[in-house]
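On a predicted model such as this, the values are computed, not experimentally measured, just so you know. Order of the sequence lines sets the chain letters (A, B, ...), proteins ahead of strands, with each chain counted from 1. Keep in mind that the numbers below use all heavy atoms, side chains included, and drop hydrogens, waters and symmetry copies.
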Amino acid sequence: MARPNEDVRALLQEYAELLLITGKDAYKARAYEKAARAIGGCHADVSTLDAKGLREIPGVGKSIADKVVEYLRTGSMPAVEEERARIPAGVRRLMEIPALGPKKALTLYEELGVSSVGELREAVEQERLRDLKGFGPRSEENILHGIGLLEASGERIPVHAATELAEEIVAALSAVPGCVDCAWAGSLRRMRETVGDVDVLVAARRSEPFMEAFTALPFVAEVIARGEKKTSVRTAKGTQVDLRVVPPDSWGAALLYFTGSKAHNIRIREMAVRGKLKLSEYGLFHTESGRKIVSRTEEKVYSRLGLPWIPPPLREDRGEIAAGLRDELPQLITERDIRGDLHTHTDLTDGLAPLEDMVAAAAERGLRYYAVTDHAPDLHMQRMTRDKMLAQRERVRALDRTHRGLRLLHGTELNIGPDGEVDWPPEFLADFDVCVASVHSHFGLDRDAQTRRLLAACEHPYVHVIGHPTTRILGKRQSMDADWDAVFAACARTGTALEVNAHPNRLDLTDELVLRARDHGVKFAVDTDAHSVPDLGYLRYGVGVAQRGWLTPEDVITTWPLTRLRHFLRKRAGTRAR
DNA sequence: GCCGTTTTCGGCCCGACTGTTTTCAGTCG
């Protein structure tokens with residue numbers, strides 16, 4: 001399944017939360033949290049490490065290393081099992097509701113016996129929270145709002161988890177003898193930010209070996225349905241996966257049909273009907289004779305309908321068919337077009353890996369330029385100072401050109417304050433190669449205030465990129481409210497790029513806002529915001545959002561050659577020479 | 001539980017915000 005690191009990370013994180021709920025030493029819990037994060041972000045596979053190797057990971061000492069070794073050996077961690085026996089899983093889930101932490105979760109459990117999100121909703125509706133110390137009318141409101149957010153995302157899984165699962169299934173089924181084609185379809189192929197289930201398609205003459213191999217996969221917990229053409233299973237983590245096996249000469253029509261979206265398919269089928277044709281998952285047919293015309297590839301099906309092949313991220317009925325008919329589909333950006341990253345962290349602030357490791361990993365990924373942009377002092381918890389920043393700059397300059405083909409930029413991620421102010425004065429900012437500015441607090445200001453705040457940041461001469469512009473966290477925090485068209489106009493006017501943050505929990509801007517911003521002529525920076533080496537691999541999901549937003553390489557400054565990028569950055573600061 | 005040019009004990013990111021209180025606890029980044 002996913003990397004063992006991920007399983008260990010989740011387990012240690014769970015243990016930390018259980019310790020917090022049961023009121024154990026908060027520092028002990030923090031130690032587990034820290035270790036969980038470090039293991040999640042560690043690029044070595046933990047299952048290949050022994051206790052000694054594990055202890056080399058910062059934050060992992062003897063006790064945690066031993067627990068991990070035992071878990072990897074036996075598949076269980078007794079300390080966690082013990083705590084689980086005391087606190088129902090639902091109580092821990094309560095902490096996923098914004099504004100509910102361990103203390104309030106425990107109060108709800110002990111005082112009211114609430115041990116699930118559903119029970120909490122009932123308790124609020126029955127006004128049973130009113131008498132509880134620490135809870136008032138606003139708490140009720142916030143909790144109901146939080147439950148709504150949680151439930152809205154609850155049944156969908158984030159794109160990266162779905163992709164990892166789909167890759168594993170496709171690899172396994174591709175190895176089954178008789179496999180002609182195998183791919184995932186559905187909203188995952190369209191690169192939606194979350195997916196409800198995973199659809200996998202196989203082209204083969206006989207379906208039985210694939211159904212057999214599919215249901216035997218190690219992470220399959222339940223077989224929901226098993227037939228000749230379709231089998232559905234549920235994984236141990238609760239994700240539904242559908243497998244469909246089609247004859248090789250239906251592959252194109254089937255892939256088209258199962259990729260969707262529904263709205264796109266309806267449009268395509270209407271076009272077929274107008275041409276006296278019928279399109280189904282089995283092929284494109286003459287309505288009258290019933291004779292099959294084409295269906296071997298998607299290209300052939302589209303072509304027979306007078307359309308060029310339409311990339312899956314565009315298939316949302318947002319004008320792609322009209323554009324295709326006019327032969328004006330965008331030449332979509334691909335991951336291969338990306339030359340650089342303008343937003344990354346190191347362990348100087350809240351990143352996990354040292355500068356040298358991040359840079360080496362960027363070089364290995366073939367990037368041509370890479371900006372190190374640790375947090376600035378207004379995010380107080382990061383304890384940044386001018387001296388630390390200047391010392392880091394020395395190290396960045398010394399590392400520059402030590403990896404073949406990779407140039408390093410020294411930047412910072414500024415904090416946009418409630419009035420749009422940023423951390424350092426212009427004379428200090430002038431010496432950075434690039435400044436990203438992002439909102440990290442005051443999410444609840446009203447629309448006008450947020451708009452003014454973002455406009456002020458755009459107007460700043462040394463702010464080049466607005467990081468994670470809406471500040472949404474999938475399933476946790478909604479986008480902040482602002483007059484986005486005003487912000488986009490300001491970005492276009494001032495030459496400020498908007499970030500497409502590739503982290504799967506953010507994916508911010510969203511595809512809809514990318515589309516709107518693009519109409520204003522805004523430029524974009526697809527960045528990873530990497531806090532660890534593995535995070536650099538999330539780039540593909542940012543590219544997915546950019547594709548869904550119809551972006552071409554021309555729209556995205558991180559595809560540009562460095563000289564052109566430098567020109568873009570220089571323009572913002574007038575006559576600044578470099 | 002982890003860690004160490006303040007090193008084997010005694011710290012541990014720390015300040016701001018929110019909603020609850022009437023001086024603060026809990027949550028968040």
Distance in angstrom units between [X] [atom1] and [N] [atom2], rounded:
| X | N | atom1 | atom2 | answer |
| --- | --- | --- | --- | --- |
| A/Ile21 | B/dG26 | CD1 | C1' | 14 Å |
| A/Ile473 | B/dC28 | CD1 | P | 12 Å |
| A/Ile97 | B/dC28 | CD1 | P | 11 Å |
| A/Ile57 | B/dG1 | CD1 | C1' | 15 Å |
| A/Ile143 | B/dT18 | CD1 | C1' | 13 Å |
| A/Glu33 | B/dG29 | CD | P | 13 Å |
| A/Glu17 | B/dT27 | CD | P | 12 Å |

[X] side chain, from C-beta outward: closest of [options]:
| X | options | value |
| --- | --- | --- |
| A/Pro102 | B/dG19, B/dG1, B/dT27 | B/dT27 |
| A/Ile64 | B/dG29, B/dT20, B/dC2 | B/dC2 |
| A/His440 | B/dC2, B/dT20, B/dG29 | B/dG29 |

Please identify each residue that fulfils side-chain hydrogen bond (donor to acceptor under 3.5 Å, both in side chains) with A/Arg540, with sequence neighbours left out.
-> A/Glu167
For A/Gln450, the side-chain hydrogen bond (donor to acceptor under 3.5 Å, both in side chains) test, sequence neighbours excluded, returns A/Arg453
Nearest-nucleotide check on DNA chain B, A/Ser63 vs A/Arg30; residue mapping nearer the 5' end is A/Ser63
For atom CD of A/Glu82, decide whether the heavy atoms of other residues, nucleotides or ligands shown that lie under 6.0 angstrom number more than 12.
-> no
Pair assignment for B/dT8, Watson-Crick or G-U wobble, requiring both distances under 3.5 Å | none
Which pairs, with at least one residue in residues 98-107 of chain A and sequence neighbours excluded, count as a side-chain hydrogen bond (donor to acceptor under 3.5 Å, both in side chains)?
-> none
Of the residues in residues 103-123 of chain A, which ones touch DNA chain B at a heavy-atom distance under 4.0 Å?
-> A/Lys103, A/Lys104
What parts of residues 128-136 of chain A reach DNA chain B, counting only heavy atoms under 4.0 Å away?
-> A/Gly134, A/Phe135, A/Gly136
Flag this pair as yes if the NZ/CZ of A/Arg477 is under 6.0 angstrom from the six-membered ring centre of A/Phe443 and inside a 45 degree cone about the axis; otherwise no.
-> yes
Can the positive tip of A/Arg386 be found less than 6.0 Å from the middle of the six-membered ring of A/Phe428, inside 45° of the ring normal?
-> yes
Taking the six-membered ring for Trp, are A/Tyr541 and A/Tyr538 parallel (under 30°), tilted (30 to 60°) or perpendicular (over 60°)?
-> tilted
side-chain N/O A/Asn142 vs B/dT18 OP1/OP2, d < 4.0 Å | no
Think A/Arg55 has a side-chain N or O under 4.0 angstrom from the OP1 or OP2 of B/dC2?
-> no
Between A/Asp374 and A/Thr346: side-chain donor-acceptor atoms closer than 3.5 Å | yes
May I ask you to check whether A/Asp529 and A/His345 show a side-chain donor-acceptor distance below 3.5 Å?
-> yes
Hey, would you say the A/His440 and A/His375 ring centroids sit under 6.0 Å apart?
-> yes
Can the ring centres of A/His464 and A/His343 be said to be less than 6.0 Å apart?
-> no
Which part of the nucleic acid, if any, lies within reach of A/Tyr32 when heavy atoms closer than 4.0 Å are counted: base, sugar-phosphate only, or nothing?
-> sugar-phosphate
Out of A/Asp341, A/Asp400, A/Thr344, which residue meets the side-chain hydrogen bond (donor to acceptor under 3.5 Å, both in side chains) rule with A/Tyr370?
-> A/Thr344
Scan nucleotides 15-17 of chain B against the protein and return all N/O pairs shorter than 3.5 Å with their distances rounded to 0.1 Å.
| unit_1 | atom_1 | unit_2 | atom_2 | d |
| --- | --- | --- | --- | --- |
| B/dC17 | OP1 | A/His442 | NE2 | 3.1 |

